[in-house]
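Each remark here refers to the structure printed beneath this line.
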Amino acid sequence: MTVPIPVFINAECVETPAGATVLDVLRQWSEEHAREVEAGRKLVLDSRGLPIALDLLVHAGTILRLISARDSAVHDPAR
């Protein structure tokens with residue numbers, strides 16, 4: 001039996017199986033938001049505010065933030 005691990009999306013705790021990816025957790029949290037991320041309308045940021053790969057494996061305590069893709073210019077260090 002696998003013990004679920006806590007992952008935080010927009011300050012909401014999601015208990016997910018070990019070995020889950022960012023996209024897996026996002027789908028578990030909200031299918032609608034996951035579709036928006038896959039369509040490029042939203043971005044997933046890590047705890048530092050940097051974009052994060054959707055296929056990255058999460059660990060206990062991972063912190064993710066979801067933002068509108070149009071807000072990404074604010075978080076783009078090149079600008």
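Just so it is clear, the values below take in all heavy atoms, side chains as well, and ignore hydrogens, waters and symmetry mates.
- Residue pairs satisfying the ring pair (Phe, Tyr, Trp, His ring centres under 6.0 Å) criterion with at least one member in residues 2-21, sequence neighbours excluded, are absent.
- By the 4.5 Å heavy-atom criterion applied to side chains, L45 and I52 are not counted as neighbours.
- In this structure the side chain of L56 never reaches within 4.5 angstrom of the side chain of L23, judged on heavy atoms.
- Between I63 and D46, the closest side-chain pair of non-hydrogen atoms is not below 4.5 Å.
- Contact check for L66 versus W29: side-chain heavy atoms found under the 4.5 Å cut-off.
- Closest approach of V7 to H59, counting heavy atoms only: CG2-O, 4.0 Å.
- Residues passing the side-chain hydrogen bond (donor to acceptor under 3.5 Å, both in side chains) test with N10, sequence neighbours excluded: none.
- Residue L64 holds its CG atom at 12.5 Å from CG of L43, rounded to the nearest 0.5 Å.
- The shortest distance between side-chain heavy atoms of V58 and V22 falls below 4.5 Å.
- Between S30 and E12 there is no side-chain heavy-atom pair separated by less than 4.5 Å.
- Residues V25 and I9 meet the side-chain proximity criterion, which asks for heavy atoms closer than 4.5 Å.
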Listing, residues 32-41 side-chain donor-acceptor contacts under 3.5 Å, not counting sequence neighbours, or none:
unit_1 : atom_1 : unit_2 : atom_2 : d
H33    : ND1    : K42    : NZ     : 3.3
E36    : OE1    : K42    : NZ     : 3.3
E38    : OE2    : R27    : NH2    : 2.7

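- Considering all non-hydrogen atoms of both residues, Q28 and P17 come closest at OE1-CD, 4.1 Å.
- Side-chain contact check for L54 versus V44: some heavy-atom pair is nearer than 4.5 Å.
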